[in-house]
Asks: 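Here it is: the structure, laid out below.
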Amino acid sequence: MTVDIPPVKQGLKFPDSITFNKFFKPVRIEADVHDLEVQGTIPAVLQGAFYRLGADAQYPPHLGDDIYLNGDGMMTMVRMENGHADLRTRFIRTERFKAERAARRSLYGRYRNPYTDDASVRGKDRGTANTSAFWFGRKLYALKEDNRPTEVDPHTLETIGKTDFHGTLNGRTFTAHPKIDPISGNMIAYAYNSDALVSRFIYLYEISPAGRVLREERFEAPYASMIHDFLVSENYIAFTLYPMIADQARIEAGGPFFSWDPSHQTVVAIIPRRLGVAGLRWYHSPKLVMETHTMNAWEEGSVLHLEHFISNSGWYSQFPHVSDPNPKEEPPFGQRWSFDLADPRDVFTVTPMVPHPGEMPVVDGRFSGQFCRHIFFGAINTQLGPMLDWGPMGPPFNCLAHLDQSTSAIDYYYPGPDASTEEPVFVPKSPSALEGDGWLISVIGRRDLNRSDVVILDSLNLAAGPVASIEVPFRLRYAFHGCWAPADELGW
Ligand code: V55
Ligand code: FE
């Protein structure tokens, strides 16, 4: 009698590419570590949880290689209680995650391109829920701009599921960068590619803390492009649109979802919040640039100031140039764009804010939409130390920075020559603390130790170094955006 022994399948292996090797190799650990080691003292006001969301990868891509942005959502929680810190990490259980886990391999193809998927998942939801952990209305969301928000249990990090805000959200997508209006408490949000895989319509939403869409409007952009972030002041909403173009024919041919097409212009849409899209005005940037992330918008008389990070090139580490096979990616710099709305002309002024590359900014959310004196961000300052090895999204930050707009002085936290910083999350020191006086939480990637620290810094004295450094006993894969949820809102 003979027995059929099935052949041994090839072992699972991630490619040795910039997305998947060295310090950016997928981590995939779903951890529960109680009482992390803490150096220093966690401030007493930090009772609650720090969340961050990024892209990990459950399986090597079946198409060979991939971009970093296409990974599976992985949430980190550091729960802080009376100076103690507990860690939890969980993959978001998207339809994609569940289908690939069941198949024990990658089934979904390129970033936002359903034409590259395995036949077994054709037509299935392909969201990755990997960009932003967002706390609003006592709920925790995992956001990715190509899909609806995914609700996550803030205690267990279990995936609850996608939300349509009690049936009030019509679109199929939702931004990863909503803003909370500190005056009304409502969320101001938008969606693009919401009514089709590729669309020129942009939808605006205002959502109550009870989780209901109160207002929806739409307007048409001159082209269908990536719209990753936007700006909200007390009375205006603004979008910087740049030609990271989505091309339906190229997508259907299995190509990249976006590519940088310099035949289009960078434009700004300014929308008065009360009047809505009926009052929309378009401005044309004389320079072809890309907005990466926004800091803040505020008004001074008839002038609207938009503060954001701006790059003079496309984002070639993720998406190609339409014709140049070897384009040079430029780093983002902080700029203030000022629009005198009393002037009927299509003009604005540009003022540089930061003398070196920076990104991933945050302001004190209690004051967003008004002038914020203090701006915090990740930066590359080669006067502090060397550049780190290029990662899958370009050169990593080597410091955290605090720009004081009243003096133009910049204060830095430099974590050492083999360490990178991530987006800082801001928590005020008390409800009555002055604007910008808080604690910054950031994750430090320590290449020399192949692990991560969660650091807590005095926002107004970064140079003093962390007041607390929480040791994570393994490496957290570089993530995108995080938030803080206070214990009283969490119901702890
Ligand atoms: C960005 C990030 C994304 C994405 C599109 O930072 C743009 C920009 C993490 O995913 O899908
Ligand atoms: Fe972002």
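As a basis for the values below, the full set of heavy atoms in this structure was taken, side chains included, without hydrogen atoms, waters or symmetry mates. When a ligand or atom number is given, it counts from 1 through the structure's own listing order. Here, residue 1 is the first one in the sequence, and each next residue gets the next number.
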Asks: Using the Fe ion (ligand 2) as the vertex, how large is the angle between NE2 of His293 and NE2 of His481, rounded to 10 degrees?
Replies: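 About 100° at the Fe ion (ligand 2).
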
Asks: More than 12 non-hydrogen atoms from neighbouring residues, nucleotides or ligands closer than 6.0 Å to CG on Asp153, yes or no?
Replies: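 Yes - once you tally the heavy atoms of other residues, nucleotides and ligands closer than 6.0 Å, there are more than 12.
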
Asks: Could you walk me through whether Phe309 and Phe377 pass the ring pair (Phe, Tyr, Trp, His ring centres under 6.0 Å) check?
Replies: CA-CA 10 Å; Phe309 280 103; Phe377 52 97; 5.4 Å; yes

Asks: Between ligand 1 and the protein, which N/O pairs are shorter than 3.5 Å?
Replies:
{"from": "ligand 1", "atom 1": "6 (O)", "to": "His228", "atom 2": "NE2", "distance (Å)": "3.2"}
{"from": "ligand 1", "atom 1": "10 (O)", "to": "Thr131", "atom 2": "OG1", "distance (Å)": "3.2"}
{"from": "ligand 1", "atom 1": "10 (O)", "to": "Lys144", "atom 2": "NZ", "distance (Å)": "2.9"}
{"from": "ligand 1", "atom 1": "11 (O)", "to": "Tyr111", "atom 2": "OH", "distance (Å)": "2.6"}
{"from": "ligand 1", "atom 1": "11 (O)", "to": "Lys144", "atom 2": "NZ", "distance (Å)": "2.6"}

Asks: Under 4.0 Å between a side-chain nitrogen and a carboxylate oxygen: does that hold for Arg215 and Glu217?
Replies: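 Yes.
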
Asks: Between Trp315 and Phe319, what is the ring plane arrangement, given parallel below 30°, perpendicular above 60°, and tilted in between?
Replies: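 Perpendicular.
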
Asks: Just checking Tyr190 against Phe230, ring centres under 6.0 Å apart?
Replies: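 Ring centroids of Tyr190 and Phe230 are less than 6.0 Å from each other.
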
Asks: Check the angle between the aromatic planes of Phe376 and Phe426 and answer parallel, tilted or perpendicular using the 30° and 60° thresholds.
Replies: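 Taking Phe426 first and then Phe376, their aromatic rings lie parallel (interplane angle under 30°).
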
Asks: Determine whether the aromatic ring centres of residues His308 and Trp337 are separated by less than 6.0 angstrom.
Replies: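 Ring centroids of Trp337 and His308 are less than 6.0 Å from each other.
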
Asks: Which atom, among the N/O/S set of His228, is closest to the Fe ion (ligand 2)?
Replies: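 This residue's closest N, O or S atom turns out to be NE2.
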
